[in-house]
Structures are given as structure tokens and as C-alpha cells.
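Data first, discussion second: the structure below is written as C-alpha cells.
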Amino acid sequence: MASSSKANLAEQDEGEEAEEIEHFNDFTLASSWERFISEIEATCRQWLADGPKRLLEKGAVHLDSSDNIYKVKSELKNAAKIYSMEYYFEISGNGKIADWNCTLHDLQLCFGVKEFLVISPQSASGVVLDAPEATKLLSAVSIALANCSSLWPAFVPVHDPSRKAFIGIQNMGTIFTRRFEADRIGSQVPIKFMHLEGLYELFVSKFAYCMSDHSMHLFRVHLLMKLTYQTLSNDEDNYDDIQEADTENAESETSPGCGNPNRKHWDDDCPWNEWYSAEDPVMRFDLVVTWSEKVVESSLEMAEMENASPHEAEKWILAPNLYPNLDSSKGDRIGFASQLHLLVNALEMSFEAPFIEDFVSVENPGSDNLESTMVIPPPTVLDRVLKDLFLEDPQLPDFAKDEHKSSRAIKGAPVESLFAQFCLHSLWFGNCNIRAIAVLWIEFVQEIRWHWEESQPLPKIPANGSIDLATCLINQKLQMLAICIGKKRELNEEFEDCIGTKDDASANMEEVNKVGDESSSFHARSQAFDEKRDSLLTPEGFNGSKTVESKFSANAQDVHSADKSTLDSIRRGSAGPVGSMKLLKLCQSLHAPFTQSAPLMTEDMHEERLRAIETFGFSFNFSAQLERETLSSDMSAFKAANPGAVFEDFIRWYSPRDWENDESEAKGPSTDLTEGMNVDWPPQGRLSRGMSESGNFWRKIWDEAPILPASEQKPLLDPNREGEKILHYLETMQPHQLLEQMVCSAFRASADTLNQTNYGSLKEMDTKMDQLYLTMASTLRPLQVNLLSNTSDTIEDLQRLCVVFEHVEKLLILAASLHRRFRQVPRISEAIFSNYYNFYLPTMGIGLADVDTQKEFDMKLQLSQNERQVVSNMFTPPTANQSWRKVLSMGNHLNGHEPILREIIFSMHDNASDNHYASSSHRDYQQDTETYRMYTCGTSNDLQVALSIISYD
């Protein structure tokens, strides 16, 4: 029993000893506060051991305000409160922090530190409101950093968050300790602190405690100053001009003779202003003016510096402020791109009805599918658009002016043409919905029919007798209709002249009979007509081969001076002899006749002829059938100009390749046909095999062709028939055919309009415009060959094209805005645009998606001396109505503008060896130390002050 009891006691003692070991208390960390310091120390040691590169791998967060600053975060708990400790560091850069580096953190700028800690409570305010708690928290961090042998400064946010107040401490070694304090006055800044003199005395008071009048004593204070000026934004400038305009209007009412020109918008002289007014992408400019470091010894020098001109500063730095939505592709800007997108939507809907009238008629079964938002503008708007379209201009515009080199690769209408103007008006008519387009097109065609029926010339279409096959089909039809109207007017004028001269012809009949017989009288009239046409015709106008044209000569020496024969007396419609060529049956010169021009054809007419050739094959007879009217006209004119000529003579002149010569005929003409001296006649040769075949269609036409000069023939182009065919095409074309040509013409006209913008020599903009035209040409090609269907992927490609167009349009408007501001110093506009182009480039080419980027465009451009005056002129002197500028409380005015922000760094330097707090072992420490530093930032309404003081502990 005794042994067992002893064993039990031994086991009990061992259990109690084990229990005491398990519950061992470390009295070095007895309090929660000490454990809190230990936790801070452990975190800091880990960050020190990792270093910047390792911290980046662990997920350090990059600050948006800087390209080089990152932070890591750790949560700490003390009693019932949780604190957040953040470590801010840079991944590169050595040496001193630059004083005015725009990418600095606020605490770096205020206190001149590089890497630092911020510890704050995790609360709604994020600041420590209790002063003892803030002091205790800062002490804990300071102890932990000292244990780590770290020189990081630590800050604690205090007071109200709006004050941006901090307290901080930094262990700088065995000698120095640096303390920080920052606070802000948000309103009612004392007048004294609005001036440099008062700020200087505030700084001096931090170390000159025993001096009551700082202005009477000299202190070597180092000073750096930075002033920020800001141009008026567009809204502010507009408000001032409106107020000024109201005042001038009130004065002009009493003086009717005084004109009052209204203020112009910034883009009034830009080519797109006819269609929309663009918002100036440049909101304002910030001008940062910095002075080099100065040593100031009295407050009087500060007063003189406040009156100094900004032109005396060392550096001028210009910073453009662009509108935030400039780099957005969400379609919230009104321009050509936004309206072209609506036009593409209208094209997609155009396949829902076979006729354009179906989109207007309420009886259309598919009208319920039309959205209620597709409103039609009132009749007054429609009338205004039609008047603008059909306004007669006595001078036709230059259709090739300022045309891009790749513009004709897009099969649309020229920007100044009637159909292109219709397309541009359609973009803004009723918000470019399909119903509004249908209404406008119907009225447009009716107006064209009125011009046709009244024989009135079509505006904005040249009636020069040519059709541009490189344009869209509607533009070709309108060109041909303009020619038909011109021909119709000529016929009407000739008919009226005929009626007006009927009585005169009866009275002069006896005189006509005395002149000669009917043939000679007819010859006289024809000769008069020929003389009238001679001044208008050139050898290039003849319908012959190049060989014949080269042989043609109208030299007077070729005209025989001898008496004309009977055949010559009835020659009509001759343009002159063709070299030395002679007729086969008569020893007479072969004359080239005046012929009618070949009938004009549009692209669809050419395609119809090509399809016929593909169907029936090519042969002489079939070709002659296609050209029957033209061939018969030319044969009739040839017969009239060459009486007695045979079919072989016509072939020798009209188609020399179908005549095979035995010998050369180029021996020169005879000098006297009546004597028959050395005349090489008749010509030796024969028809080609194709032309000599029996039943040749050309010979059949020759036999049937009457002897008539071109002036007496029926015109090859029947203006009445062709005009009605064109109007029928315009009135009955399908909606999708209309919209396809409208899309092509609208894109081309919009791009050509923007291409007229003057933006200087910006190479990036030139490149983007070239790329835009090439992209449009490739994307619009399916519309040009009628390959589009309602299920085609082309609609999606067109929507992507609208996005690309929007990007280029935004860049071009920015380029124009910069160029007009810095026309005299193009380096500024080129530098700003190039920088923004590189910033904006990742956003371009993204198709229908949008890139949501939080990064804002930030650029600082240092100005040279010769550029300062141009920038200074942007700060226009205040007018009498701008009363808000009259109360100026700060100095250093620039054309009457005070700085919106003034930043100053005061500093006082001392040598550590001269201080009595320094130990004897550190007497040889000769480093010049910044013992006092004060950063001030403010305006007339607020003032922020940050002070750092080094003490010798």
C-alpha cells in the first residue's frame, strides 16, 4: 500500500509539473500592447527580408497614380481593434526623391520620403480620432522599426479625413530622429497665409522662437516654388461670352446701326460643322511653372518674388486635360460614326419589304414591326432639307478637290454630288431610321421628276457629257439624267426657234430661190452648220482608230485650190481630208465626217451588253448588231462627206485592220488633180476575210444607211426615252438596293468630309486616314457587287467598320483642336497628339467590344522659350463682365490670371557637427542635413501645410 501510494504521488507531481510547462507564461510579452509591437516587428522583418522584387511576386498592388509605386498590406489586431498597416515602396530609382515629380505619392511630396509605412484603423473614417491613441500607435510602430534596425518613416492619419492630417516619425540612426506633422485649412484661410511673405514667416517661426519680428532678421531659407495655372474650360468660357453677349445686345438695342457678331463655336470653320457641332476634346490646359532653388534671407525678398512674372521662371510645363469620355467607344458621342451605325441598322431592316413605300404606308402588314421610335420629322424639316439639296448654285463645286487618293476605291458618290449630299442629309434626318429615309427618298425622287418634266438642270451634277463609272449606280443614273435634261432643253430651244422664224422663212423664200437650186441651198445650210461645229470638234472626237487619227490633217494645203467638181459641190458634214487617202472609184480625197458621239451608258447597261456577248458569243455580225445604230450613223455621215464612196472606202477609214494593202499609199497627195500628175490611184488592196464574206452584216447596214450628215440624223441618244427609264429605275428600286448604295456613298462622303480637315503635319493621322480608306474599300466591296443578303455577315462587318470610323473621327477632331491652338508652334501639337495616339492605340481595333480602362491620359510637356508666348496668349485677359476674376488674393499673375494652385517647399539646412546634442564621437560627421522642411499647397480658399523636423536625440 505504501509503495502504491508513493507511486500515485509521483505520478501526480509529474502531471502537475507537465501542466506547469504547458501553461508557461512569457513575461517579456505580458501585455497585449507588447504583443502588438511584436506582431508589427515580425511583419516588418518579413517585408525587409523579401525586398521589392519578392513582394511583387507575392502580389503587391500597383498604385494608379504612379507608374513606379506599389504597396503591400497586412492586418494587425490590438485588443478589440483591427489596424491596417501598408508598406509603400518603389521598384526602381535611386537617390533623392525629385521635388516636383508628378507621380509621387502625397506623403512623398509632403515630407520628401521615398518608402514609408502607414498604419490606420479599419473603420469608416480610416483615421485615429483620439490623440493619445494616435501617439501610442505611432510609438508602437517606432519601437518595432527600431528593433528591426529599419529607417522607414511611419505615419498615422489623424483628425477628420477631410483635413488630410498625419503625424509621423522616422529613426534616422543613432543621432537623428525625424518627426512629421501635416494638416489642412479647408476654408477661411487667413489673409496673411495667402501671400508668400506670411508663409515664409510661418516657416521661420518653427525654429526662431525668441524673435518677435521675423522681417528684421536674416535666415538662409532654401525655397522651391511651383505654380499651376489653368485655362478656362469651354463651359466657363461659354458662360462668360453669353453674359458679354447679353450686355452687348442690350447696348445694341439703343444703337441699331451697331452690329453684334455672335460668338462662334470652336469648330465653325471645320468641314464637319455643316452636319454637326463636335465637342472640343480638349477641356483645358494646365500650365505648371517652376522656379529653381533660391536662398531667401528675409520676408522682403518673398514680397518681391510674389510680384515676379511667371515668364521669369525656370521651367514651363504644359499639361492637356482631355474630356474623360474621349477614349470611350460606348457610342455616347454624336458624329458621323454614330449616324453611320444607324444607317447600317436601316440597311438591315430594308430586307423586310420589297418596296420603299411599304415602310411609309400604315397598311403595310409588317409596319407593326417598326419601332415606335422611328419617327418622321415634320414637313417643315423635310422642306428645308429638299431646298438645301436642290438649291441652284451658279458654279458647280470641284468634285475632285481635297479628295483622298484612295477615295475612288469606294464605289460611292463624290462628296459634293447630289446623291452624296442626300446620303449625308439622311444621316441626320429623323435619326436615320428606315421610315424617315423612305419618306425623304420618295420626296427626293418626286423633286427629280419635277426637274425632268420642267427641263430644269439638276443641281450638284455636271452636265459635261460624261458618266463616271467608278461611282455608284444611282449617281451614274443622275449624271445621265442631267445629260438627258440638257439634250431635252436643246431640242425645246430649237423647236421654239423654228416656230419663231417661220414667218421670216416665208418672206425670204424668193431670195433663197435666187441663190440656187434646192441642193445648193441645202449645201449652204449644211456648210454653215459644219463651220459652227468645227470650232467644237477635235481629232479625238472622231470615231476611228488611232492610225486614222494620226493620219488625219486639217492643213489648208490639203484642200484643193482648183475648181471643185460636181461631187465636191454636194459634200456635206466633212471635217477635212484624211491625209493622202483617195476614194477607190473616184480620184477624190477621202474626207473624215463629223459623227455623232457614241451613246452614253451606265454600268448596268454595260453589264447587259456583256451578258449578251457571253450568251451569243463574239462575232462580227453580233458586234455589228449591238452597234447597229452607231454604225449606221457613222456610215450615213461618211456617205454624206464622201459622195460616190463605196463600202471598201468606209472600211479603210473606219476599221483599217480589215483592209489589206498591197502597196504603201503614203506617196503624198497630188498637187493638181486636174492634170493627173503622178497620182497613185486607185489604191491597191482588198477587204479582210471576215468583211468579204457573203451576207456580212456590216455591208448590209452600209446598203441600208441613208446619205445624211450627222447634223441631220436622228440623235443616237433619245433623251425622252432614257430619261423616263432612269426615273422608272429610281421610283421602283428595292429598298435594300437603295440602302446598299447609300451606305457606300455615306461612308465615302463622311470620310471625304473629314479628310478636308486641316490638322497640320501629323504623320500618325495621315496613316490612320489611309488605313481607314483601305478598310472601308474592303468592307464595302460586297455591297458594291450586290452580294449582300439579310443573313450575311456583312452587317456585322459594317458595324465593326463604324467602330473603326469612330476611333479615327475622334483622333481627327483632337488633331484639329490641337492644330488650331498651336498653329505657330507645331511641335506642341505634334508632341501632344503623338503621346495621346500611343495612349489610345490599345483601344483601337477592338471591334464591337469596349475596353474599360481606368487609366487616364496624363502628359507633361516642357516648353521652350520661344513657345512660352503662344501658351501665354491662351490665358486671355479678363473682360469687364468676368467679375469673379477681379478678386485676386494671390500674386504671380499671368495675364490677369492667378494660379489655381501654389506649392512651396521651404527648407533649412544645418551641419550635424555644430549641434551641441551631437556626441563627441560624432563631431566629425560633416553631412549637411535638412533639419527643417515645410511643404505648403493651397489656393485662396484652402491651405495644406506639412512640416518635418529633425531632432538630435
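Between the CD atom of E348 and the CG atom of L798 there is a distance of 10.0 Å, given to the nearest 0.5 Å. Summarising the geometry, atom CG belonging to L739 is positioned 10.5 Å from atom CH2 belonging to W441; distances are rounded to the nearest 0.5 Å. Interatomic distance, CG of N345 versus OG of S350, reported as 11.0 Å (0.5 Å rounding). Here F422 contributes atom CZ and I448 contributes atom CD1; the two are 8.5 Å apart, rounded to the nearest 0.5 Å. One distance of note links NZ of K477 with CD1 of I461; it measures 13.5 Å at 0.5 Å rounding. To the nearest 0.5 Å, atoms OG (S632) and NZ (K714) are separated by 11.0 Å.
When only modelled atom types and interatomic distance are considered, H425 and Q421 share no side-chain donor-acceptor pair under 3.5 Å. If you check the side chains of N273 and H265, you find no donor sitting under 3.5 Å from an acceptor. Looking only at atom types and distance, the side chain of Y276 has no donor-acceptor partner in the side chain of D267 under 3.5 Å away.
Between K768 and Q771, the shortest heavy-atom distance links the atoms NZ-OE1, 3.0 Å. In this structure, E416 and K460 approach most closely via the heavy-atom pair O-CB, 3.6 Å. Of all heavy-atom pairs between E731 and E357, the closest is O-OE2, 4.0 Å. For the residue pair M742 and L343, the shortest heavy atom distance occurs at O-CD2, 3.9 Å. Taking all atoms of both residues into account, the shortest heavy-atom contact from P735 to P354 is CD-O, 3.2 Å. Smallest separation of non-hydrogen atoms from Q756 and V415: NE2-CG1, 4.1 Å.
For the pair C472 and S745, the minimum side-chain heavy-atom distance is below 4.5 Å. At a threshold of 4.5 Å between non-hydrogen side-chain atoms, the residues P599 and T630 count as touching. Two residues are said to be in side-chain contact when any heavy atoms from C-beta on lie closer than 4.5 Å; T602 and Q479 fail this criterion. Between T471 and P414 there is a side-chain heavy-atom pair separated by less than 4.5 Å. Counting heavy atoms from C-beta on, the side chains of R628 and F697 come closer than 4.5 Å. Contact check for M733 versus I474: side-chain heavy atoms found under the 4.5 Å cut-off. Between W275 and L427 the shortest side-chain heavy-atom distance does not fall below 4.5 Å. In this structure, I651 and W702 have side chains that are not in contact, with every pair of non-hydrogen atoms separated by 4.5 Å or more.
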Handout entry: Stepwise side-chain contact (heavy atoms from CB on, under 4.5 Å) check, F747 with L780
Key = CA-CA 9 Å; F747 269 101; L780 298 174; 3.9 Å; yes
Exercise for the section: Show your working on side-chain contact (heavy atoms from CB on, under 4.5 Å) between I813 and T757 and close with a plain yes or no. Expected result: CA-CA 9 Å; I813 293 176; T757 305; over 6 Å; no
Handout entry: Verdict with supporting geometry, K405 and D770, side-chain contact (heavy atoms from CB on, under 4.5 Å)
Key = CA-CA 9 Å; K405 59 183 179 181; D770 294 341; 4.0 Å; yes
Practice task
Take V808 and M765 through the test side-chain contact (heavy atoms from CB on, under 4.5 Å) and record every step on the way to the result.
Solution key: CA-CA 8 Å; V808 178; M765 197 66 249; 3.8 Å; yes
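Each side-chain hydrogen bond (donor to acceptor under 3.5 Å, both in side chains) pair with one or both residues in residues 716-727, not counting sequence neighbours, appears once here: W452-E724.
A side-chain donor-acceptor contact under 3.5 Å links T779 to the backbone of T775. Of the possible polar contacts, one joining the Y773 side chain to the D752 backbone as a donor-acceptor pair under 3.5 Å is found. Under a 3.5 Å cut-off, the side chain of Q713 and the backbone N or O of L708 do form a donor-acceptor pair. Without hydrogens or angle criteria, E809 side chain to F336 main chain gives a donor-acceptor distance under 3.5 Å. Side chain of Q339 to main chain of C432: no donor-acceptor pair is present (N/O by atom type, distance under 3.5 Å, no hydrogens or angles). Judged by distance alone, the side chain of N431 and the main-chain N or O of N433 form no donor-acceptor pair under 3.5 Å.
A salt bridge does not link K700 with D703: every distance from a Lys NZ or Arg NE/NH1/NH2 to an Asp or Glu carboxylate oxygen is 4.0 Å or more.
For E447, there are no salt bridge (charged side-chain N to carboxylate O under 4.0 Å, His left out) partners two or more places apart in sequence or in a different chain.
Between F444 and F390, the angle of the ring planes lies from 30° to 60°, which puts this pair in the tilted group.
The environment of K411 atom NZ is dense: over 12 non-hydrogen atoms of other residues, nucleotides or ligands sit within 6.0 angstrom.
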